[in-house]
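Reading through the C-alpha cells given below for one structure.
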Amino acid sequence: MNNQQSLLQWYLLNKRDLPWRNTQNPYLIWLSEIILQQTRVAQGLPYFLKFAQKYPQIESLARAPEDEVLKLWQGLGYYSRGRNMLKTAQFIVEHLQGQFPNSYAELIKLKGIGPYTAAAIASFAFNEAVAVLDGNVFRVLSRFFAISDSIDSVSGKKLFSALANDFLNKSNPALHNQAIMELGALICTPQNPSCAICPLQTNCLAFVQGNPNQFPVKSKKVQTKKRYIAYFHFNYNGKIAVFKRPPGGIWHALYDLPYLESDEPLQKKDWFSQALNKNWLEPKQTLDLIFEKKHILTHQHIYAQFYRVNLTQIPHLQFNETWLNPSELSKLGVSRLLDLYLQKNQAEPIHLL
DNA sequence: AAGCCGGGGGG
DNA sequence: CCCCCAGGCTT
C-alpha cells in the first residue's frame, strides 16, 4: 500500500462522525467551512447545528437580517465571517439563481472564501481534484517531508501548496482531503503527536529523524496588547444605552456599551472625572462597580470594569447610542465580554432607588 | 509582507 | 504562561 492508500484506510476506520460529512450539499458544506475557519470542531459544531436548523436553505439565510445572523454567531468570534457569509448568500440568491458555484475558480471569487475554503467546497461537494491547505495539512506535510520552510511566508505557502497537490489522491480528492485533515487533528497533533499509531509513520521523515516537534516552522509571533476599559451601564427607566460598533476594529457590527479606554490601569475616580468631562454624568451622581473581568483574546488582554449609573435624565453620549430595554437588547449580538456582564446583571438585578 | 480579527481548549 | 484551531481581509 502506498501512503495515500494507508491514509485513506486509516480515515475510513477512524474518522469522527460529523454532520457535514453526511452531505454533498454545497450550501451546508460551505456553512460548515466558514464556521470552522480558525475554529475547533468542538467549538463550531453547535453553531453549525443552529445555523443549519434556522437556515436550511441558502434562500432562508439570504433573507435574514444581519443583526439576527450576528446574534446566532455570538460567542464564535471573528464576526466578519458571519457578515461575509450573509453577503455571499444574498449574492448567490440574487445573481446566481441560488445555485452554488461548482468550481474552485468560481468559489474563490466569493466574499469570505479564500484558497482553503474554495478547495474544501470544490473537493467535498464536487470532488474536484484540488488539495486543501489548512493548519492540519501544513503540519502533516511539514513533518512527513521534514520541511523547515516557514509556513507563514509567501514562498513557504507556495511550496506547501505544490506539495499538497502533488500528494493529493487524484482518484478520490474528497476523501483524501478529509483524511489528511483528520490525521492532523487526531494523530499528527501540534504537541505530542501519536506517531506510534500513525498510518504514515514508516515513511515520515520527521519520525525517522526523531524530531516531529520541530515542525512546522513559523516565523511570525503574535504580540499581545493590554487595554483597560471602563464600560458604563447607563440606566434610565430600565433602559440601557447601547451602540452598534463601527467598522475598523474589534467586534465590528456587534452592540456594545459606551466606554472609556486607557493604556494603563485607572481607578474609579479617574474614570469618573473623565466621564464628567464628557458630560456623560453630573457631579452628584455615583458610579457603582458591578463586575470586573480580564478578557483574554489572541492579540489583546482586556481588563474590563463595568460601572452602573442610574440616570434621571438622558445625557448626550456621542456614541450614536440607542436606549433599549433588556428584551430588545437580548435579540442583538454582543461580545462574549458584554454577554458575561449582562448575564451577571440578570442573575443579580440591582433594585434601585 | 504585515497587521488585524475572537474565543476556547490543552499542555 | 504558551500553543493553535477545517483562514481571510485590509493596508
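Remember, predicted model here, so these are calculated numbers, not experimental data. Every chain is numbered from 1, with letters handed out A, B, ... down the list of sequences.
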Side-chain donor or acceptor of Asn127(A) paired with backbone N/O of Ala174(A) under 3.5 Å: yes
Touch class at under 4.0 angstrom, heavy-atom based, for Gln74(A) against every strand present: nothing
Rounded interatomic separation in angstrom, taking CD1 from Ile250(A) and P from dG7(B): 6 Å
Polar side-chain atom of Lys71(A) near backbone of Ser330(A) as donor-acceptor pair, under 3.5 Å: yes
N/O (side chain, Gln38(A)) to phosphate O (OP1/OP2, dG7(C)) under 4.0 Å: yes
Touch class at under 4.0 angstrom, heavy-atom based, for Val41(A) against every strand present: sugar-phosphate
Separation of dG7(C) C1' from Ile108(A) CD1 (nearest whole Å): 12 Å
Side-chain donor or acceptor of Asn177(A) paired with backbone N/O of Val130(A) under 3.5 Å: yes
Glu66(A) bridged to Arg83(A) by N-O distance under 4.0 Å: no
Quiz item: Thr298(A) side-chain donor-acceptor pair to dG6(B) base, under 3.5 Å: yes
Sugar-phosphate, base or nothing in reach of Trp73(A), heavy atoms under 4.0 Å: nothing
Under 3.5 Å donor-acceptor pair, Arg40(A) side-chain atoms to dC4(C) base atoms: yes
Distance in angstrom units between Asn213(A) CG and dC3(C) P, rounded: 14 Å
Atom-to-atom span, CH2 of Trp30(A) to P of dG7(C) - whole angstrom: 17 Å
Rounded distance (Å) that lies between atom C1' of dC3(C) and atom CZ of Phe138(A): 17 Å
Sugar-phosphate, base or nothing in reach of Ser32(A), heavy atoms under 4.0 Å: nothing
Lys/Arg N to Asp/Glu carboxylate O, Lys109(A) vs Glu106(A), below 4.0 Å: yes
Of the listed nucleotides dA6(C), dG6(B), dC1(C), the one nearest the side chain of Asn136(A): dA6(C)
Sugar-phosphate, base or nothing in reach of Gly44(A), heavy atoms under 4.0 Å: nothing
Residue mapping more 5' on DNA chain C - nearest nucleotide basis, Asn84(A) or Leu18(A): Leu18(A)
Upstream residue (5' side of DNA chain B) when His295(A) and Gln223(A) are each assigned their closest nucleotide: Gln223(A)
Gap between atoms CG and C1', on Leu76(A) and dC5(B) respectively (whole Å): 13 Å
N or O in side chain of Arg21(A) less than 4.0 angstrom from dA6(C) OP1/OP2: no
dG6(B) to dT11(C) separation - P atoms, rounded to the nearest Å: 15 Å
Whether Phe243(A) and Phe319(A) hold their rings parallel, tilted or perpendicular, with breakpoints at 30° and 60°: tilted
Of the listed nucleotides dG7(C), dA6(C), dC4(C), the one nearest the side chain of Pro190(A): dC4(C)
Of Ser153(A) and Leu297(A), the one whose closest DNA chain B nucleotide lies more 5': Ser153(A)
base_contact_polar (dG7(B) base, Gln43(A) side chain, donor-acceptor, <3.5 Å): yes
Closest-nucleotide ordering on DNA chain C, the 5'-leading residue of Arg139(A) and Ile296(A): Ile296(A)
OP1 or OP2 of dC5(B) under 4.0 Å from side-chain N/O of Gln300(A): yes
Tyr341(A) six-ring centre to Lys344(A) NZ/CZ under 6.0 Å and within 45° of normal: no
Residue Tyr78(A), side-chain atoms from C-beta onward, closest of dA6(C), dC9(C), dG7(C): dG7(C)
Sugar-phosphate only, base, or nothing, as touched by Thr39(A) at under 4.0 Å among non-hydrogen atoms: base
dG8(B) OP1/OP2 closer than 4.0 Å to side-chain N/O of Arg336(A): yes
Rounded distance in Å - NE2 (His299(A)) to C1' (dG3(B)): 10 Å
Sugar-phosphate only, base, or nothing, as touched by Gly184(A) at under 4.0 Å among non-hydrogen atoms: nothing
Watson-Crick or G-U wobble partner of dC5(C), both distances under 3.5 Å: dG7(B)
Length of the line joining Ile35(A):CD1 and dG7(C):P, which is rounded to integer Å: 13 Å
Nearest-Å distance once atom P is located in both dC4(B) and dA6(C): 25 Å
